[in-house]
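Working notes, structure below.
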Amino acid sequence: MNLICDYHTHPQGHEVRPYTIELLRPWIERCRARGIRSIAFTDHDRYLAGVDFGVLDSLRGQFPDVEILAGIELDNDPATSAGGLRWVEANWDRLDFVLGSVHFFAGETEMLDRVGKLEQFESRGLSGAFEQYVLELEKLISRGQIDCLAHLDLVKIHGLRPHDYDPAEFFLPILQLAKTAGLAIEASTAGWRKPVGEQYPHASILRAAVELDIPVTTASDAHSYVQVAENYDRLAGLLQSGGVTQPVTFHAHNWKYV
Ligand SMILES: [Zn+2]
Ligand SMILES: [Zn+2]
């Protein structure tokens with residue numbers, strides 16, 4: 001199976017770096033080199049000041065062979081996500097694709113996925129942390145204005161899980177909410193770069209999503225152009241064995257099978 005879409009990328013990295021042709025060109029060249037025919041730029045909404053729809057239009061003119069989706073990763077940051085949500089609402093028609101993600105437990109100002117930072121997990125206990133993570137996902141889904149859930153089981157990032165954790169059973173209620181809300185989920189290679197050493201989401205969650213007919217996108221969560229489509233050969237094998245024979249493409253918030 002050839003995977004031809006990368007729908008989770010961060011050209012700005014972790015700061016505001018306004019979109020220019022120079023910033024974005026290496027990403028498209030990397031797509032060409034790796035056989036990616038459709039890419040979504042999905043910088044974190046806290047860096048929305050750097051997003052420039054005019055630059056994306058120019059880029060589309062220069063690289064007509066690669067589909068370029070205007071996107072954003074909208075999360076539950078207590079400081080910035082309210083503004084991010086307003087921006088997404090105001091720019092919905094110019095955006096093709098909005099990722100929704102949970103990076104924060106309620107009441108915290110530090111992201112839960114900072115590598116090596118385990119205090120938020122120790123204070124909650126692993127079962128408490130996993131349950132609170134899912135509560136935040138429920139809020140994110142009911143808030144709306146998203147197309148696809150990013151790194152669905154991110155809470156496992158540190159390689160820690162409750163002793164009785166069954167991934168598919170634990171996330172089934174979230175998958176059912178996603179199905180009702182018409183959301184896709186992503187299959188992401190980013191977890192292979194993290195302490196957990198496992199893609200997002202767990203294979204059993206992917207299989208449960210397939211059974212529910214939830215559309216699945218493919219993603220690297222690249223923070224540098226060199227990570228575009230990273231580990232896609234491995235991901236293709238995993239999708240095949242999980243029954244995801246048809247990942248989807250997006251355009252103007254609508255998905256279709258590749
Ligand atoms: Zn994220
Ligand atoms: Zn991301």
Side-chain angles (χ1 to χ4, degrees), residues 5-17 19 23-24 27 30-31 36 39-51 69-81 84-85 87-88 95-106 108-117 120 129-130 132-134 136-137 139-141 143 145-158 171 174 178 183-196 198-202 205 216-232 235 250:
C5 302
D6 193 336
Y7 282 169
H8 191 153
T9 67
H10 294 277
Q12 299 190 83
H14 281 137
E15 59 186 334
V16 173
R17 294 173 73 196
Y19 282 8
L23 178 76
L24 300 177
W27 293 74
R30 198 71 169 181
C31 286
I36 296 301
I39 184 171
F41 295 129
T42 56
D43 274 300
H44 295 289
D45 65 284
R46 67 185 66 86
Y47 310 125
L48 58 82
V51 176
L69 306 188
I72 203 83
E73 181 178 0
L74 184 61
D75 74 359
N76 66 333
D77 187 321
T80 59
S81 65
L85 181 62
W87 182 87
V88 166
L95 289 162
D96 290 290
F97 184 65
V98 181
L99 282 174
S101 57
V102 167
H103 295 125
F104 295 85
F105 293 122
E108 300 285 356
T109 55
E110 288 277 324
M111 298 170 94
L112 65 90
D113 55 328
R114 291 266 156 86
V115 171
K117 295 277 193 177
Q120 295 185 20
F130 273 58
Q132 289 184 31
Y133 175 79
V134 160
E136 291 305 301
L137 271 175
K139 285 190 225 166
L140 182 84
I141 294 168
R143 191 178 71 178
Q145 304 291 337
I146 55 175
D147 298 304
C148 177
L149 295 171
H151 43 62
L152 189 69
D153 56 353
L154 179 74
V155 69
K156 73 183 178 187
I157 184 169
H158 306 294
F171 277 94
I174 293 295
L183 302 180
I185 66 166
E186 68 173 18
S188 167
T189 63
W192 284 321
R193 304 195 293 266
K194 304 295 184 182
V196 67
E198 180 181 283
Q199 80 291 334
Y200 306 115
H202 187 275
I205 299 175
V216 175
T217 65
T218 50
S220 67
D221 208 343
H223 281 66
S224 156
Y225 68 87
V226 299
Q227 291 172 328
V228 169
E230 188 176 67
N231 281 320
Y232 262 30
L235 184 65
F250 263 87

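Start at 1 and go down the list; that is how both ligands and their atoms are numbered.
Glu73 and His8 are linked by a side-chain donor-acceptor pair at a separation below 3.5 angstrom, with hydrogens and angles left out of the test. Looking at Asp221 and Tyr200, their side chains never bring a donor and an acceptor atom within 3.5 Å of each other.
Note on Arg46 versus Asp75: salt bridge recorded, some NZ/NE/NH1/NH2 to OD/OE distance being below 4.0 Å. We find that Lys156 and Glu198 are joined by a salt bridge, their nearest charged nitrogen and carboxylate oxygen being less than 4.0 Å apart.
At distances below 3.5 Å, at least one donor-acceptor pair connects side-chain atoms of Gln12 with backbone N or O atoms of Tyr47.
Considering the Zn ion (ligand 2) as centre, the angle to NE2 of His8 and to OD1 of Asp221 is 80° (10° rounding). When OE1 of Glu73 and NE2 of His10 are joined through the Zn ion (ligand 2), the resulting angle is 90° to the nearest 10°.
The atom of His103 nearest to the Zn ion (ligand 1) is NE2, with the search restricted to N, O or S atoms.
At least one N, O or S atom of His151 sits under 2.8 Å from the Zn ion (ligand 1). None of the N, O or S atoms belonging to His223 lies under 2.8 Å away from the Zn ion (ligand 2). Residue His44 does not count as close to the Zn ion (ligand 1), with no N, O or S atom under 2.8 Å.
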